[in-house]
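Submitted below is the structure of interest, expressed as structure tokens.
Keep in mind that this is a model prediction, so the values were computed, not measured.
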Amino acid sequence: YVYRGNGNLTPYSVHRFTLSSSYTDKHYDFSALLLYRYAPDEIVNKFSYTKNYLLQSYENLKYKTEYGGQLSVNLYPFSDKSFKVTAIGIYMQFHGKEKAGSQWNGYRYQLMLSTSYTAKKWEVQQRTYLTKQANETRPHTLRHFARQRNTQQSTQKTTSKTIITYEQQTHFQHITH
């Protein structure tokens, strides 16, 4: 694709509010976080087709809003805290509006589970991630155009898509002091 700048962009600001709390005990700790984010005139990518290529530029949205939260729990079954089980859950809701009037909504949640064992010189960690994201695609994004191209649609209609991903990771680490 071809890139073209946009001299009509205006600066934007972000209004963010977070509230968090945590509690720690001998065998567990717990934390919670709430988040609200409002960004009037946020700058985002804009993609459009020409006859021969895909053109990338930037534009200001009218606004974008996000809100949600996160919960985290760490469990330590042994008093030396050498073995840890972690669970983290995240949920985010978002809404946006372009200056031309198009709107979109979506959400994302993620669950992460992890176990780790730390010895004097080694650490082993197993992580599992499950993520689900569903949203109406904002017109003029690269994902929107890829979807149009794959389905041979030529409309600017907003479409819905749900994405579910699953990932596992194992880490071995030698600890040196």
Side-chain angles (χ1 to χ4, degrees), residues 11-45 47 56 58 60-98 103-138 141-144 146-147 150 158-177:
Y12 74 98
S13 59
V14 175
H15 307 279
R16 184 180 311 220
F17 174 76
T18 57
L19 177 66
S20 64
S21 178
S22 63
Y23 179 78
T24 301
D25 193 304
K26 181 178 178 181
H27 290 286
Y28 67 92
D29 55 62
F30 171 82
S31 66
L33 171 80
L34 295 174
L35 165 76
Y36 175 79
R37 180 181 181 275
Y38 175 70
D41 298 318
E42 183 167 350
I43 297 171
V44 295
N45 285 318
F47 293 87
Q56 177 188 1
Y58 294 95
N60 287 98
L61 294 177
K62 186 169 184 177
Y63 65 85
K64 183 177 177 186
T65 302
E66 299 174 354
Y67 57 92
Q70 174 179 314
L71 295 175
S72 302
V73 177
N74 292 311
L75 301 174
Y76 306 97
F78 307 121
S79 60
D80 66 356
K81 295 191 175 186
S82 60
F83 183 72
K84 177 172 74 170
V85 177
T86 302
I88 301 172
I90 300 171
Y91 180 81
M92 292 298 294
Q93 190 85 30
F94 50 91
H95 175 76
K97 186 173 184 178
E98 293 185 1
Q103 297 185 52
W104 72 97
N105 296 298
Y107 70 90
R108 177 177 190 255
Y109 69 81
Q110 186 170 19
L111 177 61
M112 295 167 278
L113 302 172
S114 166
T115 58
S116 66
Y117 178 75
T118 305
K120 288 187 180 202
K121 296 214 174 223
W122 291 94
E123 180 180 50
V124 178
Q125 189 173 66
Q126 172 69 38
R127 297 179 188 155
T128 303
Y129 301 94
L130 176 64
T131 304
K132 180 178 180 182
Q133 182 170 332
N135 64 298
E136 296 177 352
T137 303
R138 182 176 69 83
T141 63
L142 188 56
R143 183 181 294 156
H144 175 76
R147 221 176 278 149
N150 291 339
T158 300
T159 56
S160 295
K161 175 132 184 184
T162 299
I163 302 167
I164 298 175
T165 57
Y166 175 78
E167 178 183 345
Q168 277 194 295
Q169 300 174 351
T170 302
H171 299 276
F172 296 95
Q173 180 178 349
H174 183 255
I175 302 169
T176 58
H177 295 283

Practice item. Side-chain contact test, heavy atoms from C-beta onward, threshold under 4.5 Å: evaluate it for Tyr36 versus Thr65 and give yes or no. Key: yes
**Study point:** Gap separating the CG atom of Asn45 from the OH atom of Tyr58, nearest 0.5 angstrom
**Key:** 5.0 Å
Practice item. Could you note down all residue pairs passing side chain to side chain donor-acceptor pair (under 3.5 Å) where residues 72-88 supplies at least one of them, sequence neighbours left out? Key: Asp29-Asn74, Asp29-Tyr76, Gln70-Ser72, Asn74-Thr86, Asp80-Ser82
Review point. Would you say Phe30 and Leu71 make side-chain contact, with heavy atoms under 4.5 Å?
Key: yes
Study note, to complete from the structure: Distance col, row Ile88:CD1 vs Leu33:CG, nearest 0.5 angstrom, shows 11.5 Å
Check your understanding: Taking atom CZ of Arg37 and atom CZ of Arg16, what is their separation to the nearest 0.5 Å?
Key -> 5.5 Å
Practice item. Heavy atoms only: give me the nearest Ala87-Leu113 pair and the separation to one decimal. Key: CB-CD2, 3.8 Å
Study note, to complete from the structure: Closest non-hydrogen atoms of Arg127 and Ser114, given as atom of the first, atom of the second and distance, are CG-OG, 4.0 Å
**Study point:** Closest contact, heavy atoms only, Gly68 versus Met92
**Key:** CA-SD, 3.8 Å
Check your understanding: Atom OG1 in Thr128, atom CE in Met112: separation rounded to 0.5 Å?
Key -> 11.5 Å
Practice item. Report yes or no: do His95 and Tyr63 form a side-chain donor-acceptor pair below 3.5 Å? Key: yes
Review point. In Å, rounded to the nearest 0.5 Å, how long is the span from OH of Tyr67 to CG of Leu34?
Key: 12.5 Å
Study note, to complete from the structure: Smallest heavy-atom separation, Phe94 atom then Tyr107 atom, equals CE2-N, 3.7 Å
**Study point:** Nearest heavy atoms of Tyr12 and Pro40, plus distance in Å
**Key:** CB-O, 3.3 Å
Review point. Nearest 0.5 Å, what's the CZ-OH distance between Arg108 and Tyr91?
Key: 12.5 Å
Review point. Parallel under 30°, tilted from 30 to 60°, perpendicular over 60°: which one fits the rings of Tyr23 and Tyr28?
Key: tilted
